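Let me begin by presenting the structure, written as structure tokens, before commenting on it.
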There are 2 protein chains.
Amino acid sequence: MTSDNFNLSEFLPYKLSVLSSRTTKMLSKVYGEKYGLSTPEWRVLVHVARREKMSVREIHDSVYLEKPAVSRAVAKLEKAGLLRKTTCDKDHRLVEIELTEGGLYVFNGIVPEALSFEAAILSAFSPEERDQLHDLMERLHDVLDRLPDATRRPQMDNDTSGKSSTEAH
Amino acid sequence: MTSDNFNLSEFLPYKLSVLSSRTTKMLSKVYGEKYGLSTPEWRVLVHVARREKMSVREIHDSVYLEKPAVSRAVAKLEKAGLLRKTTCDKDHRLVEIELTEGGLYVFNGIVPEALSFEAAILSAFSPEERDQLHDLMERLHDVLDRLPDATRRPQMDNDTSGKSSTEAH
DNA sequence: AGAAAATCGTTTCACTTGCAACGAATATCA
DNA sequence: TGATATTCGTTGCAAGTGAAACGATTTTCT
């Protein structure tokens with residue numbers, strides 16, 4: 001029998017899922033307990049904070065969230081006063097989403113904690129190991145991209161500030 | 001301003017989540033489309049296949065699934081005829097779960113495909129890099145374990161066959 | 001211009017999840 | 001032994017999710 005000794009706990013997709021779930025769950029305490037944000041809301045908030053105005057579709061394209069998830073997150077964040085939503089003048093199908101002052105305030109409150117959480121996690125690694133991790137994950141994505149029924153991978157958006165993406169590491 | 005240039009797409013918890021989601025989603029086609037199993041059902045099935053009889057609690061302890069998720073997955077798998085559920089003689093609170101012949105058949109059909117999916121993913125890596133990946137993920141878990149509000153991490157169960165866990169490779 | 005197709009954001013619906021509470025069974029301990 | 005506490009598996013419920021459908025708007029093409 002060939003599959004007799006299949007061990008779930010050594011199966012890469014399962015291991016990735018467990019690690020990801022634990023990480024997300026522990027991070028969610030940062031934006032959840034203190035600010036009452038869900039994970040989609042947290043993602044939308046920090047993404048919107050990077051640009052002037054953006055539409056639901058732009059968020060959907062760059063963040064790993066389904067369109068309905070973006071729409072609902074935006075609705076909740078608007079109700080909470082963290083962002084403002086107006087219909088675009090030039091194209092009435094589009095909405096223009098931007099942070100309010102309150103949204104910026106929350107953003108500035110959460111991000112340092114999120115970064116310190118990430119720093120705590122990465123503290124176990126040397127700079128070389130962090131590069132390794134990044135590299136391995138990137139190559140994992142590349143393999144997934146080439147598989148038959150490849151799932152959508154959100155586009156990394158062009159950085160408006162900071163180092164250019166063409167710059168060597 | 002310190003958090004001006006926070007970039008979600010370079011944030012480790014987010015990156016882990018995206019990679020894990022993509023992997024799980026693509027793997028789920030293996031057990032989903034052809035066998036109609038959900039992810040919890042797939043996990044329960046392959047875990048139960050490793051031992052004689054086990055309880056819901058034992059599954060919950062070793063697999064990253066909430067107790068209700070295990071209970072529901074077991075119920076569905078039983079209804080599908082893939083496993084058998086009987087109340088324990090010695091302790092009537094417990095149930096004894098074991099694979100049926102049909103369950104073993106499905107198991108033997110799925111596992112090779114799952115393993116070949118994993119192999120396809122890992123094909124991009126050298127043996128050393130696979131060890132690196134494993135090592136980095138393990139150390140990530142260790143860090144999470146030591147953090148204040150550490151989330152539960154399922155126990156890796158003792159292997160009944162194959163190499164012992166104390167063996168240095 | 002006018003019909004048809006495409007796009008955008010929202011909503012609907014069925015399904016899944018996570019958490020707490022529950023009844024049943026056993027263990028603990030006076 | 002009898003009262004209390006604990007454990008086990010299930011269920012209820014509120015919230016979240018994904019896929020398809022929808023109305024509104026714009027684009028495309030004749």
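No experiment lies behind these values; they were computed from the predicted model shown. Each chain gets a letter, A, B and so on, in the order its sequence line appears, and its residues count up from 1.
At most 12 non-hydrogen atoms from other residues, nucleotides or ligands lie less than 6.0 angstrom from NZ of B:Lys34.
The side-chain hydrogen bond (donor to acceptor under 3.5 Å, both in side chains) search around B:His141 returns A:Arg22, not counting sequence neighbours. Taking A:Ser17 as the reference, B:Arg43 meet the side-chain hydrogen bond (donor to acceptor under 3.5 Å, both in side chains) condition, with sequence neighbours excluded. Taking B:Tyr31 as the reference, B:Trp42 meet the ring pair (Phe, Tyr, Trp, His ring centres under 6.0 Å) condition, with sequence neighbours excluded.
For B:Glu113 and B:Ser116, the side-chain atoms include no donor-acceptor pair closer than 3.5 Å.
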If you restrict it to nitrogen or oxygen atoms, what contacts under 3.5 Å exist between nucleotides 8-11 of chain D and the protein, and what is each distance?
from: D:dC8; atom 1: OP1; to: B:Arg57; atom 2: NE; distance (Å): 2.9
from: D:dC8; atom 1: OP2; to: B:Arg57; atom 2: NE; distance (Å): 2.7
from: D:dG9; atom 1: OP1; to: B:Val56; atom 2: N; distance (Å): 3.3
from: D:dG9; atom 1: OP1; to: B:Val95; atom 2: N; distance (Å): 3.4
from: D:dG9; atom 1: OP2; to: B:Arg57; atom 2: N; distance (Å): 2.7
from: D:dG9; atom 1: N7; to: B:Lys67; atom 2: NZ; distance (Å): 3.4
from: D:dT10; atom 1: OP1; to: B:Lys85; atom 2: NZ; distance (Å): 2.7
from: D:dT10; atom 1: OP2; to: B:Ser71; atom 2: OG; distance (Å): 2.4
from: D:dT10; atom 1: O5'; to: B:Ser71; atom 2: OG; distance (Å): 3.2

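Atom CG of B:Leu147 is separated from atom CG of B:Asp142 by 12.0 Å, given to the nearest 0.5 angstrom.
Both A:His92 and A:Pro40 sit near DNA chain D, but only A:Pro40 has its closest nucleotide nearer the 5' end.
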For residues 66-86 of chain A, which side-chain N or O atoms pair as donor and acceptor with protein atoms under 3.5 Å away, sequence neighbours left out?
none

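Along DNA chain C, read 5' to 3', the first and last nucleotides having any atom under 4.0 Å from a heavy atom of chain A are C:dT7 to C:dC19.
One atom, CG of A:Asp89, and another, C1' of D:dT25, lie 14 Å apart when rounded to the nearest Å.
Contact of the A:Leu122 side chain with the A:Glu129 side chain is not registered, since no non-hydrogen atoms from C-beta on lie closer than 4.5 Å.
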